[in-house]
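Single-structure report; data block below.
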Amino acid sequence: MDYQFAAIEKKWQKFWAEHQTFKAEDKTTKPKYYVLDMFPYPSGAGLHVGHPLGYIASDIFARYKRLKGFNVLHPMGYDSFGLPAEQYAIQTGQHPAITTEANIATYRRQLDQIGFSFDWSREVRTSSPDYYKWTQWIFIQLFNSWYNKTADKAEPISKLVEHFEKYGSTGIDAVCDEEVLSFTADEWRALSDNDKQAELLKYRLTYLRESTVNWCAALGTVLANDEVKDGFSERGGYPVEQKKMMQWSMRITAYADRLLKGLDTIDWPEPLKEMQRNWIGKSVGALVKFRIIAPPKPSPVGRASEESAAKVSPTGGDLEGAIEVFTTRADTIFGTTFLVIAPEHELVEPLTTPGQKTTIEAYINQTKKKSELERMAEAKTVSGAFTGSYAINPVNGEKIQIWIADYVLAGYGTGAVMAVPSGDQRDYLFAKQYNLPIIPIIDIQNIETEADPTKEGRYINSGFINGLTYKEAAATVIAKLEELGAGKAKVNYRMRDAIFGRQRYWGEPVPVYFKDGLPHLIEEKDLPLVLPEVDKYLPTESGEPPLARASNWKYQASPKSSPKERTLKEGEAASLSFGEGRGEAYEYELSTMPGWAGSSWYWYRYMDAHNDKEFASKQAVEYWKNVDLYIGGSEHATGHLLYSRFWNKFMKDLDLVIEEEPFKKLINQGHIQGRSNFVYRLIDDAGQGTNTFISHGLIKQYKTSPIHVDVNIVENDILDINKFKVWRPEYKNAEFILENGKYVCGVEIEKMSKSKFNVVNPDNLIERYGADTLRMYEMFLGPLEQSKPWNTNGIEGVFKFLRKFWRLFHDDAWNFNVSDEEPTKAELKSLHKIIRKVEEDVDRFSFNTSVSSFMIAVNELTDLKCNKRAILQDMVIILSPYAPHICEELWVLLGNPAGTLSYTPYPKFNAAYLIEDEFAYPISINGKTKINLNISLSLESKDIEAFVLANADVQKYLDGKAPKKVIVVKGRIVNIVL
RNA sequence: GCUCAGAUGGUGGAACUGGUAGACACGCAGGACUUAAAAUCCUGUUCCCGUAAACGGAGUGCGGGUUCGAUUCCCGCUCUGAGUACCA
């Protein structure tokens with residue numbers, strides 16, 4: 001029979017599903033291999049041809065590994081909490097669970113028809129209570145943990161409490177809030193429970209804090225930094241403003257250094273590692289305190305005393321009378337000629353002298369008005385204002401001016417810098433603009449036209465470091481600052497703690513209730529805390545999150561609380577209401593978790609997806625360990641991929657998992673872009689659009705406006721005019737100005753999206769060519785990691801290849817016809833070439849080149865008229881990861897039991913079949929190939945040289961001249977230098 | 001601005017550690033089969049000179065270098081894409 005792909009594919013997809021062919025084993029002697037795809041958010045639009053690219057690659061890899069004898073875990077699931085379902089719910093009133101369910105069904109149907117070898121028995125959905133129970137459980141573990149810097153790991157909060165009870169706060173080195181209390185053990189014990197809890201909250205790995213958040217009024221929620229682009233929400237493009245809010249945060253900064261160091265241990269693309277490094281933004285430097293000279297009073301005494309300087313500090317404590325700056329170049333401190341603080345800095349007001357008040361206020365107002373975008377656009381210019389106050393450089397006692405400027409960011413470091421105009425370009429521009437001194441501090445520094453940040457040369461104008469090199473100077477300055485009590489070495493990170501609350505409905509509820517204004521965990525046995533029903537998915541009139549709409553949604557203190565909990569609650573016991581199991585009702589936390597919560601640990605759930613006692617059994621985690629190969633887009637570099645590493649490290653600290661890093665090897669598949677087509681509408685003199693459309697080649701002669709046109713009614717950029725007229729009613733009477741009788745459309749490469757009419761749907765292609773063709777064509781398109789626009793033009797070639805392959809097994813009348821004859825040398829050579837080639841290609845994820853190699857092999861075998869079982873059976877195995885359906889069918893036709901192909905051993909490569917006696921040596925003269933000569937491979941270089949020089953054709957090229965040199969590379973080339 | 005990736009025929013791309021540049025496919029041109037079309041098959045297809053072939057010349061973004069030999073390594077530049085952005 002002819003190649004009936006539709007019937008074959010349907011048949012085998014059904015077979016695989018019914019027989020659970022791809023179910024990973026939990027007990028086996030086989031080595032394990034874990035191949036993971038980034039699970040999709042099931043959007044309403046379904047899959048377009050770009051989505052399966054990575055899935056096809058991982059599926060080929062997973063299938064290949066099974067042939068190679070591995071127990072492969074290759075699961076799939078859905079990241080099913082998220083904004084779009086909720087926004088749809090707001091518009092339609094339909095529960096997001098219903099739309100999500102419908103979208104998942106579409107995704108599943110589309111995925112199934114591509115023939116993936118997923119183990120669907122392990123499917124997870126982040127929005128399912130069975131799953132988010134464990135997301136909440138991990139939240140509880142985070143809440144119950146603190147980061148011990150001495151041990152460099154997370155530890156139970158109970159250990160911290162023990163320490164406080166015995167020794168007070170001394171001896172604790174933790175990653176915690178800035179303003180923690182110092183206390184003795186007695187003082188700790190004297191605190192009320194509430195005060196204790198308030199204090200502990202400053203240590204917990206997830207904690208509540210008033211933070212400045214990205215508030216998006218249109219979406220009614222808080223967004224993470226990576227969800228905001230240029231001051232607008234990534235989703236929807238609504239304006240985002242800064243707002244102060246009580247928020248759950250994750251102390252990811254505790255792991256900053258481990259997240260950075262771990263990058264060196266994993267096999268990830270370098271650009272992606274670089275993005276994470278930049279995001280973490282480690283800089284090694286020093287904190288330096290500059291004492292403030294009080295603003296001059298309107299009194300006859302010109303210079304203020306030190307006592308009055310102390311009074312300028314509004315807060316007292318550490319900052320008393322000083323501005324603290326962070327610098328990575330403490331060695332340049334003698335070049336400091338002024339200080340600059342951010343306009344938002346808390347000392348701006350006390351430092352401003354009455355004389356400068358108007359200037360400073362005007363400047364602050366001006367910066368406030370500037371949007372993020374404007375500040376970026378002006379990156380080249382600097383502006384600022386003088387506060388009127390002065391500070392003292394601790395190393396030389398110089399009196400320097402204190403300025404404010406918006407090039408200093410309040411959110412980084414201490415929000416204040418020591419300006420060294422000779423070494424920093426921004427400081428240099430600032431000094432030039434406001435006529436401040438510029439002092440060169442290194443002998444070879446050239447500061448004629450711009451700052452010179454060199455570290456070469458010797459220091460000058462620099463007191464006790466004069467004559468030293470950079471290395472010596474840096475260490476000496478920091479030592480001196482420490483001695484003076486004016487500074488210390490400090491590592492600073494750009495990364496901030498991650499905000500963990502969203503004022504939305506469609507997310508995991510936070511397993512917390514509030515008592516006396518403090519958060520308390522609900523008990524583990526009460527998990528999951530299920531998302532309540534609400535009447536509307538909008539914030540309340542008073543601005544509370546949607547969960548505030550849930551009626552009777554309150555926490556009831558449980559009667560069966562653990563003894564420990566009970567002692568903690570002792571104080572309240574009297575106030576609890578009477579009655580069995582009837583606690584007082586408390587408010588639950590009303591915000592939900594962010595989108596990244598559920599995706600930060602899901603790969604563990606696949607290991608043991610139906611466990612209702614644990615997130616995954618110890619045994620399963622010990623067997624599967626971590627993900628061997630992870631394929632997904634690079635857009636998750638500083639979101640999902642960073643948070644996942646963070647949670648993994650935390651879980652490792654608690655001995656819940658055994659690997660420090662979750663994803664050993666990562667591949668970023670490229671993005672398939674859309675290829676949009678345009679028609680050009682003629683604009684009349686009045687500036688109105690007409691009903692006439694100009695072909696692309698002629699648009700220069702007219703005034704036109706481009707309009708996206710559906711790519712499905714365009715072929716090879718030629719518009720199908722009849723289809724265009726019926727595409728939309730308003731084009732029914734459209735007229736055209738053609739070139740060469742055709743309407744040529746314009747082309748642009750853009751993101752694939754509905755609104756641009758450039759979406760190519762896999763369903764149509766599968767209907768026309770089959771899934772095996774689609775799979776191989778997507779791989780054939782180019783290197784996996786490269787982004788490229790979708791172009792269906794070459795798909796015919798792949799389809800023809802599969803038909804040709806099918807034909808090898810059939811005679812002219814399409815009868816299955818395979819011979820048992822011994823294969824010839826040439827046939828074995830073709831086979832073993834492809835055996836090795838595919839091994840090499842899969843190992844380096846070069847799937848496009850193996851597709852062409854398959855074509856070569858099938859072309860060769862077709863030319864050889866080979867229909868021998870000994871060759872074709874192995875061909876079926878090798879091709880099966882790429883085109884599984886056709887191969888399953890042929891496998892059975894060859895007489896093998898159905899369903900065994902996926903686990904049959906990959907053919908063994910035998911180099912003996914590739915050994916040649918002769919090689920057609922390219923003979924080149926001065927590096928230019930002239931002719932090829934067949935020479936026995938057993939000849940040694942010397943004999944080859946003699947043979948070549950004796951050749952008549954070569955003699956002709958030599959033209960009687962004696963060669964200066966002859967280079968012979970055995971088995972490669974002969975080059976004659978004249 | 002900085003960081004990273006990339007630039008090869010009409011198109012997608014191949015050439016893995018320096019060794020025959022353009023594999024494989026698309027497209028295009030010509031041909032076979034056919035009343036015709038579709039499908040299928042065959043031939044050609046980097047560019048230039050030449051009637052065609054032989055033959056000759058140029059050629060992997062641009063300019064230089066190293067080498068017997070460079071798409072590959074080094075230096076400088078141009079352009080494209082991605083990320084990031086006053087990070088002290």
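Note that the coordinates shown come from a computational prediction; the quantities given were computed from them, not determined experimentally. Numbered from 1 within each chain, the chains take letters A, B, ... in sequence-line order.
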**Study point:** Contiguous Watson-Crick or G-U pair runs (3 or more, under 3.5 Å) in RNA chain B
**Key:** B:1-7 with B:78-84, B:10-12 with B:24-26, B:27-32 with B:40-45, B:46-48 with B:56-58, B:61-65 with B:73-77
Quick check on [N]: is either OP1 or OP2 less than 4.0 Å from any side-chain nitrogen or oxygen of [X]?
X	N	result
A:R426	B:C87	yes
A:Q786	B:G13	yes
A:Y407	B:A88	no

If we take the [atom1] atom in both [N] and [M], what is their distance in whole Å?
N	M	atom1	value
B:A85	B:G22	C1'	41 Å
B:U72	B:A7	P	11 Å
B:A5	B:G61	C1'	16 Å

Could I get a table of every N or O pair under 3.5 Å where one atom is in the protein and the other is in nucleotides 3-7 of chain B?
none

Review point. Under 3.5 Å, is there an N or O donor on one side and an acceptor on the other linking the side chain of A:N793 and the base of B:C26?
Key: no
Review point. Which nucleotide sits closest to the side chain of A:K800: B:C26, B:G13, B:C16?
Key: B:C26
Shorter than 3.5 Å, N or O on both sides, protein versus nucleotides 20-24 of chain B: list them out with atom names.
| unit_1 | atom_1 | unit_2 | atom_2 | d |
| --- | --- | --- | --- | --- |
| B:U20 | N3 | A:N932 | ND2 | 3.4 |

Review point. Do the two ring centres, one from A:F799 and one from A:F5, sit under 6.0 Å apart?
Key: yes
Point to revise | A:W403 ring center near A:F430 ring center (under 6.0 Å) | key: yes
